[in-house]
Amino acid sequence: LDGDPPPVAGAAAAFQTVDPMVLGQKLFTANCVSCHGANGAGQAGIYPPLDGSEFVQGNPSRLAKLVLRGLGGPLVVKGNTYNGSMPYFDAKLNDEKLAAVLTYVRGTWGNTAEPVKAEIVAAARADSKDRKEPWTEADLLNMK
């Protein structure tokens with residue numbers, strides 16, 4: 001899942017596209033499900049739910065930055081505090097793959113937020129490129 005797909009023979013290959021929801025689900029399962037669960041419910045007190053999360057359904061650039069650079073310290077989601085840490089995925093997922101994961105998370109379970117374009121992820125990556133430590137809740141809440 002981390003490499004480019006193998007070439008497809010024939011003229012139809014030029015028109016073949018990958019559904020971001022399908023790709024996003026595969027990448028979510030490979031990278032996120034162990035902490036956030038297959039149902040997006042998270043783990044009480046440790047890893048926050050993605051289902052109904054104000055961070056997931058909010059600003060897509062902020063969400064991209066969170067996933068790109070990680071998160072440390074307590075975070076309040078849906079009125080509950082979680083204190084697990086989230087690794088960064090900057091080097092692991094390119095813009096298209098990260099956009100697919102975010103699109104999947106923002107459009108699955110009870111979430112109904114709009115898809116995330118790779119251009120939003122690219123801009124978030126460029127804007128946070130000098131960030132060396134994980135974000136904190138205060139950092140996320142102060143983002144424009």
Salt-bridge criterion met for R131 and D139 (N-O under 4.0 Å): yes

Taking 4.0 angstrom as the limit, do E114 and R106 come out as a salt bridge? yes

Which heavy atom of [X] sits nearest to which heavy atom of [Y], and what is that distance?
X    : Y    : answer
M21  : T103 : SD-O, 3.6 Å
S128 : L68  : OG-CD1, 4.5 Å
V116 : P60  : CG2-CB, 3.9 Å
L71  : E137 : CD1-N, 4.3 Å
G52  : N111 : N-OD1, 2.8 Å
A64  : L98  : O-CD2, 4.3 Å

To the closest 0.5 Å, what do you measure between [atom1] ([X]) and [atom2] ([Y])?
X   : Y    : atom1 : atom2 : answer
H36 : S53  : NE2   : OG    : 9.0 Å
L27 : L23  : CG    : CG    : 4.5 Å
Q57 : T112 : CD    : OG1   : 5.5 Å

Where the side chain of [X] meets the backbone of [Y], is there a donor-acceptor pair that is under 3.5 Å apart?
X    : Y    : value
D51  : G40  : no
N59  : S61  : yes
N142 : A138 : yes
W135 : K65  : yes
D127 : A124 : no
N83  : L75  : no
R69  : R125 : yes
Q43  : P49  : no

Give a yes or no on whether [X] and [Y] share a hydrophobic cluster (residues Ile, Leu, Val, Met, Phe, Trp, Tyr; joining criterion: side-chain heavy atoms under 4.5 Å apart).
X    : Y   : result
F89  : V56 : yes
V22  : V33 : no
I46  : Y88 : no
L140 : V76 : no
L66  : L93 : yes

Please work out which of the three classes, parallel, tilted or perpendicular, describes the rings of W109 and Y104, given edges at 30° and 60°. perpendicular

Side-chain touch L102/V67, heavy atoms, less than 4.5 angstrom: yes

Side chains of P48 and F55, heavy atoms from C-beta outward: is any pair under 4.5 Å? no

